[in-house]
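Convention: sequence-line order gives letters A, B, ...; per-chain numbering from 1.
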Amino acid sequence: MRGVSVVGVGMIPFGKYPAKSLADLGWPAVKAALGDAGIAPRKVQAAFCGTALGGMMAGQRILGRIGLTGIPIVNVENACSSGSTALRQGIMAIRSGEYDVVLVVGVEKLTKFGGGTLPLEEEDWEVSQGLVMPALYAMRAQRYMHDFGLTARQLAQIPVKNRANGALNPDAQMRTPVTVDQVLAARPVADPFTLLQCCPTGDGAAAIVLCATSRAAEIRADLVHVRASELTSGRYVGGYRDMTTPEITVRGAAEAYEQAGLGPQDIRVAEVHDAFSIAELLYYEAFGFCRRGEAGAFLESGATAIDGTIAVNPSGGLLAKGHPLGATGAAQVVEIVRQLRGEAGPRQVAGAKVGLSHATGGGISGFDHGACSIHIFAT
Amino acid sequence: MDSVIGLLLDTGVDDDRALLLPGDALRLAAPGGPVLVGGRCEGCGERMFPRHPVCPACMSEAVVAAEMPRHGTLYAFSTVHVAPEKWAKPFVVGYVDLANGVRVFSRLAGTVTIDGPVTLGVAEVGRDADGRPIRSFVFAAEG
Ligand SMILES: [Zn+2]
């Protein structure tokens with residue numbers, strides 16, 4: 001199997017851009033990634049565009065703006081994993097030998113829906129009965145707190161950490177730090193979550209240029225290599241299911257580590273899917289960063305801070321950087337690549353050589369999550 | 001939550017009021033009170049709620065109607081404050097584990113606790129775009 005390397009990354013600052021079209025959110029990220037790679041657009045042989053709610057032909061709409069057309073363009077929908085699934089498709093297209101240079105873009109415009117919780121598929125049974133995404137994660141949190149004694153104050157420290165990181169990231173949507181007391185006093189959304197424990201809705205785009213490793217040295221010297229590209233779907237369970245451990249991520253993590261020939265002890269920096277405060281804690285355990293039931297104490301130890309042993313969400317994560325669904329997975333990779341190249345400025349994780357990105361989502365009845373995509377990168 | 005409790009165990013058949021549930025998922029006039037009707041696969045015995053036309057365990061299409069237990073144990077719950085317009089807020093949702101192995105996502109009422117017992121009822125849970133009441137099944141804390 002051919003190796004794949006990242007030769008360019010770019011994104012626009014996540015935020016609210018109600019006046020901009022999806023196409024006009026997307027092309028600046030693509031141009032930035034091509035500029036970062038220092039290659040002409042005509043070098044790109046195929047493109048994969050991830051968007052969850054962007055509608056038909058998102059990739060063509062974006063790439064038409066900058067004349068990057070006449071190549072195969074594949075549009076990918078996989079809920080919150082759309083961008084990372086597009087990335088995996090791009091990686092496989094190079095691995096297969098079909099292409100040498102591939103563009104991946106993730107994009108979303110959520111301001112078109114107004115505010116409130118994300119619009120979910122009304123055909124879904126649980127949605128028809130009133131399920132909203134915050135409630136799904138809130139039930140996980142309640143059960144986890146019941147089973148493992150996690151406190152509301154411990155839970156509130158996740159947004160405190162991630163907002164502090166986001167304050168250091170010019171691409172983050174939320175750039176003001178918050179305190180535990182502010183988190184707990186914010187408007188309730190779905191108990192135990194307040195507004196500050198839920199990722200904001202917003203718009204964004206991020207892009208990645210991939211190249212076959214055998215050709216990548218022609219483009220740049222400081223390469224970041226893909227060590228694992230993993231995608232799986234949740235297992236459908238109609239009956240009882242342990243909501244305190246995300247089975248899809250546990251399985252995906254094991255497969256990704258096996259593919260990379262690495263383990264949790266090798267990961268120095270990780271961008272994980274902290275759509276709600278509890279999620280990041282569940283993923284500490286799912287990735288083996290700490291043992292089951294110990295995520296609260298692990299967080300409090302400072303292990304997952306930028307200067308900790310395994311920096312988690314130095315970009316600010318979904319909670320601070322924002323979560324424009326299809327853009328999220330691609331933007332996580334932008335952060336990991338910048339970290340591994342040593343370009344992350346005040347939020348740089350010292351000595352980061354191996355990093356991981358994880359995007360999972362799709363709240364549908366009977367699944368922990370619908371989709372999960374995990375990537376491991378190394379210099 | 002109080003508004004839901006007030007309407008709880010409104011079990012009368014009241015056909016001019018909108019019901020959320022399609023088909024026969026909730027049987028209001030069953031002997032002994034309302035009951036959820038799910039499915040049982042004749043191929044492998046899998047039980048499900050709601051009832052689907054095909055079994056997710058064995059792909060058999062021989063799925064017959066099966067009444068679900070009226071009592072269950074609450075696995076997890078949350079009080080929801082932000083949700084689409086049509087729902088009366090705040091409201092409580094949770095997963096109810098039934099003795100037959102099925103887990104049901106449901107509205108809840110009363111002072112519920114994790115691992116606590118709950119019983120099936122029916123209540124108004126919101127209003128549709130035309131202002132008509134929406135009713136659905138609601139599991140309530142026992143005792
Ligand atoms: Zn069956």
Side-chain angles (χ1 to χ4, degrees), chain A residues 113-149 186-195 197-198 200-201 234-244 276 278 363-368, chain B residues 1 4 20-22 25-26 38-39 41 46-52 55-57 72-108 112-116 125-126 134-139:
Chain A
F113 298 106
T117 57
L118 273 182
L120 296 179
E121 175 55 59
E122 289 281 341
E123 186 182 297
D124 187 90
W125 171 262
E126 294 182 353
V127 173
S128 79
Q129 296 299 311
L131 185 67
V132 289
M133 281 311 280
L136 183 60
Y137 281 88
M139 288 187 281
R140 292 181 179 129
Q142 297 277 21
R143 186 75 209 193
Y144 187 98
M145 293 166 91
H146 174 271
D147 287 1
F148 298 106
R187 184 156 63 86
V189 172
D191 300 343
F193 301 150
T194 62
L195 191 61
Q197 285 165 288
C198 308
T201 60
R235 288 221 172 98
Y236 180 87
V237 177
Y240 307 166
R241 157 167 70 87
D242 184 351
M243 291 178 71
T244 65
F276 299 89
I278 188 67
I364 45 177
S365 301
F367 291 82
D368 173 71
Chain B
M1 204 157 79
V4 176
L20 263 183
L21 302 175
L26 175 62
C41 173
E46 173 88 359
R47 288 168 195 269
M48 66 189 84
F49 181 83
R51 177 184 170 194
H52 297 297
C55 172
T73 302
L74 187 59
Y75 176 76
F77 70 96
S78 175
T79 302
V80 180
H81 304 268
V82 180
E85 179 77 28
K86 63 185 171 187
W87 305 125
K89 290 173 279 288
F91 60 89
V92 187
V93 297
Y95 283 109
V96 176
D97 288 348
L98 306 178
N100 65 353
V102 172
R103 174 171 289 177
V104 178
F105 175 79
S106 178
R107 300 303 190 100
L108 302 171
V112 292
T113 53
I114 286 181
D115 291 338
V125 295
I134 301 171
R135 293 199 305 169
S136 192
F137 61 92
V138 175
F139 278 88

Exercise for review: Quick one: closest heavy-atom pair of B/Ser78 and A/Ala138, and the distance?
Suggested key: OG-CB, 3.3 Å
Revision key, fill the gap. Of all heavy-atom pairs linking B/Pro84 and A/Val132, the shortest is CD-CG1, 3.7 Å
[atom1]-[atom2] distance between [X] and [Y], expressed to the nearest 0.5 angstrom:
| X | Y | atom1 | atom2 | result |
| --- | --- | --- | --- | --- |
| A/Gln129 | B/Trp87 | CD | CH2 | 6.5 Å |
| B/Leu74 | A/Arg143 | CG | CZ | 8.5 Å |
| B/Ile114 | A/Met145 | CD1 | CE | 9.5 Å |

Review point. Are A/Arg241 and B/Asp97 within salt-bridge range, i.e. N to O under 4.0 Å?
Key: no
Contact part of [X] toward chain B, heavy-atom cut-off under 4.5 Å: side chain, backbone, both or neither?
| X | answer |
| --- | --- |
| A/Asp147 | neither |
| A/Leu136 | side chain |
| A/Pro134 | neither |

Point to revise | Among A/Gln142, A/Glu126, A/Arg140, A/His146, residue most engaged with chain B (heavy-atom pairs, under 4.5 Å) | key: A/Glu126
Practice item. Return yes if some donor-acceptor pair links the side-chain N/O of B/Tyr95 with the main-chain N/O of A/Met139 below 3.5 Å, else return no. Key: no
Practice item. Using atom types as modelled and distance alone, determine if a side-chain donor or acceptor of A/Tyr240 lies under 3.5 Å from a backbone N or O of B/Leu98. Key: yes
Exercise for review: Could you have a look at B/Ala57, B/Pro50, B/Pro56 and say which one has the most heavy-atom pairs with chain A under 4.5 angstrom?
Suggested key: B/Pro50
Review point. Looking at B/Val93, B/Asp115, B/Val104, which makes the most heavy-atom pairs under 4.5 Å with chain A?
Key: B/Asp115
Practice item. Just do the side-chain contact (heavy atoms from CB on, under 4.5 Å) check on A/Phe193 and B/Val80 with the steps written out, would you? Key: CA-CA 9 Å; A/Phe193 301 150; B/Val80 180; over 6 Å; no
Review point. Taking the six-membered ring for Trp, are B/Phe137 and A/Trp125 parallel (under 30°), tilted (30 to 60°) or perpendicular (over 60°)?
Key: parallel
